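Step one of this worksheet: look at the structure below.
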There are 2 protein chains.
Amino acid sequence: MPRIPSSDRRALLVQAAIRVIAKRGVAGATTRAIVAEAGMSLASFHYAFRSHSEMMRDVVAYVVGAEVASAYATLKLGSGIRQVLREGLQSYLDYVIADPGHEQVMQELVHYALRTPGLESLAAEQYEAYHSGVMSVLVEGAAVSGVEWSVPVLDVARLVVTVTDGVTLAWLANRDTAAAERVLDFAADSLAALARPVEARTRENAQ
Amino acid sequence: MPRIPSSDRRALLVQAAIRVIAKRGVAGATTRAIVAEAGMSLASFHYAFRSHSEMMRDVVAYVVGAEVASAYATLKLGSGIRQVLREGLQSYLDYVIADPGHEQVMQELVHYALRTPGLESLAAEQYEAYHSGVMSVLVEGAAVSGVEWSVPVLDVARLVVTVTDGVTLAWLANRDTAAAERVLDFAADSLAALARPVEARTRENAQ
DNA sequence: ACTCGTCTGGGACAGTTGACCCACTATGCC
DNA sequence: GGCATAGTGGGTCAACTGTCCCAGACGAGT
């Protein structure tokens, strides 16, 4: 069997764990299922991690750091801010539909972190990452569309995350794509109302 | 030990299970933990339920049927629809803050149902119950405020549920009450824009 | 060629879990 | 009182889990 360099083994196991969670849920992420997914032996697990919970901490930290904002980052340069918002939200929904397991894992990991002593802060960090990731997209989107936000961008980002979380959970439950898109229509309309055309002289009060 | 009549035993165990889930999460809802919470013996469990998963099905069905809309039903008769919405959303948030475990259980059970073969439909039913419960509140709220909804009320209900779910998850993660309330401010504003004063003659196009 | 530290395979362990079983007790009915 | 039935207690089982251990294999440096 090929030997795996020490630096990669943890990452390999973490990613295998995420795949297992996507397939079987957090409860199914046993050490044996994970090493089987990673094609490793059981002993290798405890060679890489001191314990199962130590690995789960890394799993949560991994999803916080990586790919978090990537789902939001499909920024198409539309004609106006309303369309930029709508298309951004749509690409997020498309992403959820294409790979429902992934966003399901994200929410399950939030609940797992909230339940696990010592990991509660990671849930908060996960949302900070969401918010700041979306915020930068919103700043860029506003710049492209020549508008500015009439409220703090961070609050707008919170609204976007609220909507995406809510739509995700409902869609996972009832798979009603048309209803989800109507919600996104309304969200895009309402959020666009928070933007106003930028007047060249009052540029400094952005953010 | 007092004998428990047959009709109550299942309900007792289901409610005990919900308390255990609130305390320890879905993964902690073992048969032993549940019967301990219910003050019963282990044998009584399999006397009442054929299996653990059969009881979990009842747990999910129970939360779908009972109390689902109760959190929304704190309808205060405010001056206008905007205030009715805002106060309704606030009372929901107050409820989440007062008993975070309960709404956490609700979301965890949705994910559990989605993961469990044969229970996926219960997740959809849970959201149908949410939507119809909120919808009736919205209908009443509109009537009290003398407005009508310019879009199907069911869609408005979906928006409300989307917001409450999103706010719940974010608040559970970061406990940022002020931010949650700003989100609710915006939601109430935006939703109120979907209502228009009812003109006595066009009463019939209410959904 | 030798050796040392890195890594792996397989086995084993104790603890927990869902499920089951059977002797036993209470209760209502004749 | 006797008896069937509903309900209970406690013990037991196999399966599964996280964790540990140890003999050995590989590779790099000498």
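What you are looking at is a predicted structure, and each value in this text was computed from that prediction instead of being measured. To find a chain, count down the sequence lines: A is the first, B the second, and so on, and within it residues start at 1.
- Atom CG in Leu13(A) sits roughly 13 Å away from atom C1' in dT8(C) (whole-Å rounding).
- With sequence neighbours left out, the side-chain hydrogen bond (donor to acceptor under 3.5 Å, both in side chains) criterion links Arg19(A) to Glu37(A).
- Within 4.0 Å of His46(B), counting heavy atoms only, lies at least one base atom of the nucleic acid.
- Sorted by residue number, the list of members of residues 15-26 of chain A with any non-hydrogen atom under 4.0 Å from DNA chain D is empty.
- Spacing between atom CG of Asp8(A) and atom P of dT8(C) amounts to 11 Å, rounded to whole angstrom units.
- In terms of the side-chain hydrogen bond (donor to acceptor under 3.5 Å, both in side chains) criterion, residue partners of Tyr127(A) (sequence neighbours excluded) are, by chain and number, Asp165(A).
- When each of Thr31(A) and Met40(B) is assigned the nucleotide of DNA chain D bearing its nearest heavy atom, the one mapping closer to the 5' terminus is Met40(B).
- Under the salt bridge (Lys or Arg N to Asp or Glu O under 4.0 Å) criterion, Glu128(B) pairs with no residue at all, not counting sequence neighbours.
- Every residue two or more places apart in sequence or in another chain that forms a ring pair (Phe, Tyr, Trp, His ring centres under 6.0 Å) with His111(A) is listed here: His111(B).
- Nucleotide dA19(C) holds its P atom 12 Å from the CE atom of Met56(B), rounded to whole Å.
- For the pair Leu12(A) CG and dC7(C) P, the computed distance is 13 Å after rounding to whole Å.
- Atom CD in Glu54(B) sits about 13 Å away from atom C1' in dA19(C), given to the nearest Å.
- Here the side chains of Pro100(A) and Arg175(A) are in contact, with some heavy-atom distance below 4.5 Å.
- When each of Gly28(A) and Arg50(A) is assigned the nucleotide of DNA chain D bearing its nearest heavy atom, the one mapping closer to the 5' terminus is Gly28(A).
- Summarising the geometry, the separation between OH on Tyr47(B) and P on dT5(D) is reported as 11 Å, rounded to the nearest angstrom.
- Ser51(A) comes within 4.0 angstrom of sugar-phosphate atoms only, judged by non-hydrogen atoms across all strands, and of no base.
- Residues meeting the ring pair (Phe, Tyr, Trp, His ring centres under 6.0 Å) test with Phe186(B), sequence neighbours left out: none.
- Contacts of Leu119(A) classified as side-chain contact (heavy atoms from CB on, under 4.5 Å), with partners at least two apart in sequence or in another chain: Arg57(A), Val60(A), Tyr112(A), Ala113(A), Thr116(A), Leu122(A).
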Could I get a table of every N or O pair under 3.5 Å where one atom is in the protein and the other is in nucleotides 10-12 of chain C?
from, atom 1, to, atom 2, distance (Å)
dA12(C), N6, Arg32(A), NH2, 3.4

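- Nucleotide dT19(D) holds its P atom 8 Å from the NE2 atom of His52(A), rounded to whole Å.
- For Asp176(A), the side-chain contact (heavy atoms from CB on, under 4.5 Å) partners two or more places apart in sequence, or in a different chain, are Asn174(A), Ala178(A), Ala179(A), Arg158(B).
- Distance CZ (Phe49(B)) to P (dG7(D)): 13 Å, rounded to an integer number of Å.
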TODO: Run the numbers on Glu108(B) and Arg115(A) for salt bridge (charged side-chain N to carboxylate O under 4.0 Å, His left out), then give the verdict.
DONE: CA-CA 11 Å; Glu108(B) 285 176 333; Arg115(A) 286 287 180 199; 2.9 Å; yes
